[in-house]
Amino acid sequence: MLQLFNTLTGRKEEFHPLEPGIVRMYVCGDTVYDYCHIGHARSKIAFDIVRRYLAFSGYRVTFVRNITDIDDKIIKRAAENRESVQTLTQRFIDAMHEDYDRLGILRPDFEPKATGHIPSIIAMTRTLIDKNYAYVATNGDVMYSVSAFAEYGQLSGRQLGDLRAGARVAIDEAKRDPLDFVLWKQAKPGEPSWPSPWGEGRPGWHIECSAMTLDLLGTRFDIHGGGLDLKFPHHENEIAQSCAATGDRFATYWMHNGFVNVDNEKMAKSVGNFFLIRDVLNSGRVRDPEVLRFFLLSSHYRGPINYSLTQIEQADAALSRLYTALRDIEPAANHEPGDATRRFKAAMDDDFNTPDAVAALQTLAGEINRARANAPQVAATLAAELRHLGSVLGVLQSSPDAFLRKSASAGSEAPGGDAAIEQLIAARQAARKARNFKESDRIRDELAAAGVVLEDKPDGSTTWRRA
RNA sequence: GGCGCCGUGGCGGAGUGGUUACGCAGCGGUCUGCAAAACCGCGUACGCCGGUUCAAUUCCGGCCGGCGCCUCCA
């Protein structure tokens, strides 16, 4: 039985979808004005795992992840670049897809854009005004009145009074309450805008998610996810909007992933300590995108994770061990779920405990290594199990040799490529056959200097990988 | 100021009221022409101080240290 930590209640709860066997989930996506960094990757991978595991567990999953393609930062950046908002956002949407595809993050079933749901946004805003949850402020913006929603603060555990006492609440003359937030914003000259009952304008940030979930998932759905930083105010405001507008309960389970830190500090655009996904993947220090993915799975999704090259190297070593176990084994066509699968499921059922799930894979790799010499059929069966479980985490999807022969250390490429390596290995084989070990060791040293590690097998053949 | 999280062995990182996490690194061994990989074995743990308990890293309280949200943010 799957248990997941529900941020709304602060407890681990048994997971019961609204409709048996069917899960509908929504995850907050990105604002597309720049390239995605490792922090974005973590959130997307965390919920990609949730989705994959739910499907693995037999649920039919509808997965929605939005794109925020209109907001202040986008307008500002487009103006700086002297390009249209549409050109800018499309460029970064394409880049986002490229990055996420490389990381094995499955495309959502629906990937709505805010600008594609303007009529629903306007309709919901009108409903909120009609129900007295919203008002037109003195500056023409439509504001949500937080004091009208009795449950405001339930997700983030905050009291309105405490929030008002906070020193950092912006003072805005147009608001009746400093905590009120914008639903519909009056357009300034030259800004992208849409006609509305309140004049030309554009949506505020929070209303888009409420409108898109309503359009695609209805008034109630099972899981709503996003980064911890979205818990307040974004998700709090979504609840206030959706519950007030529809009278329904919105999402049953709220899930929030922890941050990626650098030197123990949150990775963020505003701090400037961020690493872009594409820069990391292209740095030459990451053998394969799966390494970055595996690194992000090495700690629990709710806790913080510290990004560093040392961590990446350790992830590379650990994942390479799994691939090494799969090498030279043809996985069996079928396999019965064994101890590893039971442990894997138990771990994942416990609020998606990926570190423990990975430990199950490592233990399985050890079993394969022990079985491979004396019980090849057993090894083939276990290898199939390992690959299958790996697919739930989105790793172990390459061929072992292809993975292990990629380089994890930039600048140590052997000249001439793989063909040259094979030639040198053949020359070394000849020297070994003639028991000219001085020459064979010389060739091995030469290859080692180029980052190529040789492994002689019992049958006399030699395989290779990159360090 | 309000709300919340964290502190596990050299590095990461799960977990548990009494029994092996797991990986990386290290040490010893097996295998190997020598290596590599693999396998076998080994080592240094649970921030500090109290309390509860037959027993606490694991529950409770306090302290110290680190971090997050309260403003855009995955």
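Chain letters run A, B, ... following the sequence lines, proteins first, then strands; residues in each count from 1.
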Checklist entry - Checking all strands, does A:G10 fall into the base, sugar-phosphate, or nothing category for heavy-atom contacts under 4.0 angstrom? => result nothing
Checklist outcome for this item: Closest to the side chain of A:D456, out of B:C69, B:A35, B:A74, is B:A35
Next on the checklist: Tell me whether the ring of A:F437 lies stacked over the B:G33 base, given a 5.5 Å limit on centroids and a 30° limit on the plane angle.
Outcome noted: yes
Next on the checklist: Nearest to the side chain of A:V453, heavy atoms from C-beta on, is which of B:A14, B:A36, B:A74?
Outcome noted: B:A36
Item to check | side-chain N/O A:K231 vs B:C3 OP1/OP2, d < 4.0 Å | outcome: no
Item to check | Heavy-atom side-chain proximity of A:D101 to A:I105 below 4.5 angstrom | outcome: no
Next on the checklist: Measure CG/A:D459 against P/B:A36 and give the value in whole Å, please.
Outcome noted: 19 Å
Next on the checklist: What's A:R343 touching, base or sugar-phosphate or nothing? Going by heavy atoms closer than 4.0 Å.
Outcome noted: base
Checklist entry - Any side-chain heavy atom of A:F63 within less than 4.5 Å of one from A:V27? => result yes
Next on the checklist: Under 4.0 Å, heavy atoms only, any strand: does A:L230 hit a base, just the sugar-phosphate, or nothing?
Outcome noted: sugar-phosphate
Next on the checklist: Students often get this wrong, so: under 4.0 angstrom with heavy atoms, is A:G226 touching a base, only sugar-phosphate, or nothing?
Outcome noted: sugar-phosphate
Checklist entry - Which part of the nucleic acid, if any, lies within reach of A:A318 when heavy atoms closer than 4.0 Å are counted: base, sugar-phosphate only, or nothing? => result sugar-phosphate
Checklist entry - Under 4.0 angstrom, heavy atoms only, what part of the nucleic acid is A:R370 near: base, sugar-phosphate, or nothing? => result sugar-phosphate
Checklist entry - If the P atom of B:U57 is compared with that of B:U8, how far apart are they to the nearest Å? => result 15 Å
Checklist entry - If you look at every strand shown and take non-hydrogen atoms under 4.0 Å, does A:E265 touch a base, only sugar-phosphate, or nothing? => result sugar-phosphate
Item to check | Distance, P atom - from B:C69 to B:G10, rounded to whole angstrom | outcome: 31 Å
Next on the checklist: For a quick check of understanding: with a heavy-atom distance under 4.0 Å over all strands, which category does A:D71 fall into, base, sugar-phosphate or nothing?
Outcome noted: nothing
Next on the checklist: Counting the atoms with a prime plus P, OP1 and OP2 as sugar-phosphate, which does A:G258 contact under 4.0 Å by heavy atoms, base, sugar-phosphate, or nothing?
Outcome noted: base
Next on the checklist: Regarding A:K266, tell me which of base, sugar-phosphate or nothing describes its non-hydrogen contacts under 4.0 Å with the strands shown.
Outcome noted: base
Checklist entry - Which part of the nucleic acid, if any, lies within reach of A:V260 when heavy atoms closer than 4.0 Å are counted: base, sugar-phosphate only, or nothing? => result base
Checklist entry - Which nucleotide in the list B:A36, B:A74, B:C34 gets nearest to the side chain of A:R444? => result B:C34
Item to check | Touch class at under 4.0 angstrom, heavy-atom based, for A:N369 against every strand present | outcome: sugar-phosphate
Next on the checklist: Can you tell me if A:N353 touches the phosphate of B:A14, counting only side-chain N or O atoms and a distance under 4.0 Å to OP1 or OP2?
Outcome noted: no
Checklist entry - What is the nucleic acid contact for A:K457, judged by heavy atoms within less than 4.0 Å: base, sugar-phosphate only, or nothing? => result nothing
Checklist entry - Closest to the A:Q362 side chain: B:G23, B:A36, B:G33? => result B:G23
Item to check | Whole-Å C1' distance, B:G7 and B:C49 | outcome: 16 Å
Next on the checklist: Centroid separation under 6.0 Å, is that true for the rings of A:F149 and A:Y152?
Outcome noted: no
Next on the checklist: Other residues, nucleotides and ligands only: do more than 12 of their heavy atoms fall within 6.0 Å of CD on A:Q159?
Outcome noted: no
Next on the checklist: Heavy-atom nearest nucleotide on RNA chain B for A:E313 versus A:S299: which residue maps closer to 5'?
Outcome noted: A:S299
Checklist entry - Are OP1 or OP2 of B:C39 and a side-chain N or O of A:R321 less than 4.0 angstrom apart? => result yes
Checklist entry - Closest nucleotide of RNA chain B for A:T31 versus for A:I305: which of these residues is on the 5' side? => result A:I305
Checklist entry - Where the side chain of A:H300 is defined as all heavy atoms beyond and including C-beta, which of B:G12, B:A14, B:C40 is the nearest nucleotide? => result B:A14
Next on the checklist: Quick check for you: among B:C70, B:C22, B:C69, whose closest atom lies nearest to any side-chain atom of A:D229?
Outcome noted: B:C69
Next on the checklist: Tell me if the CG atom of A:D445 is crowded by more than 12 foreign heavy atoms within 6.0 Å.
Outcome noted: yes
Next on the checklist: Could you check whether A:R302 makes a cation-pi contact with A:F5, meaning its NZ or CZ is under 6.0 Å from the centre of the six-membered ring and within 45° of the ring axis?
Outcome noted: yes
Checklist entry - Tell me, do A:V32 and A:R77 make a side-chain contact under 4.5 Å, heavy atoms counted? => result no
Checklist entry - Should the ring pair A:Y323 and A:F403 be called parallel, tilted or perpendicular, given that the plane angle runs from 0 to 90° and is split at 30 and 60? => result parallel
Checklist entry - So what does A:N257 hit on the nucleic acid, given a heavy-atom distance under 4.0 Å: a base, only sugar-phosphate, or nothing? => result base
Next on the checklist: Could you check whether A:R42 makes a cation-pi contact with A:Y301, meaning its NZ or CZ is under 6.0 Å from the centre of the six-membered ring and within 45° of the ring axis?
Outcome noted: no
Next on the checklist: What's the gap between B:G4 and B:G12 when it is taken at their P atoms, as a whole Å value?
Outcome noted: 29 Å
Checklist entry - Using Watson-Crick pairs (N1 to N3, plus N6-O4 or O6-N4) and G-U wobble pairs, both distances under 3.5 Å, which stems of at least 3 pairs involve RNA chain B? => result B:1-7 with B:64-70, B:10-12 with B:22-24, B:26-30 with B:38-42, B:47-51 with B:59-63
Next on the checklist: If you define the side chain from C-beta out and look only at heavy atoms, does anything of A:H37 sit under 4.5 Å from A:M267?
Outcome noted: yes
Item to check | Nucleotide B:C69, atom C1' - distance to CG of A:N261 in whole Å | outcome: 14 Å
Checklist entry - Does the B:G12 base have a donor-acceptor partner in the side chain of A:Q311 within less than 3.5 Å? => result no
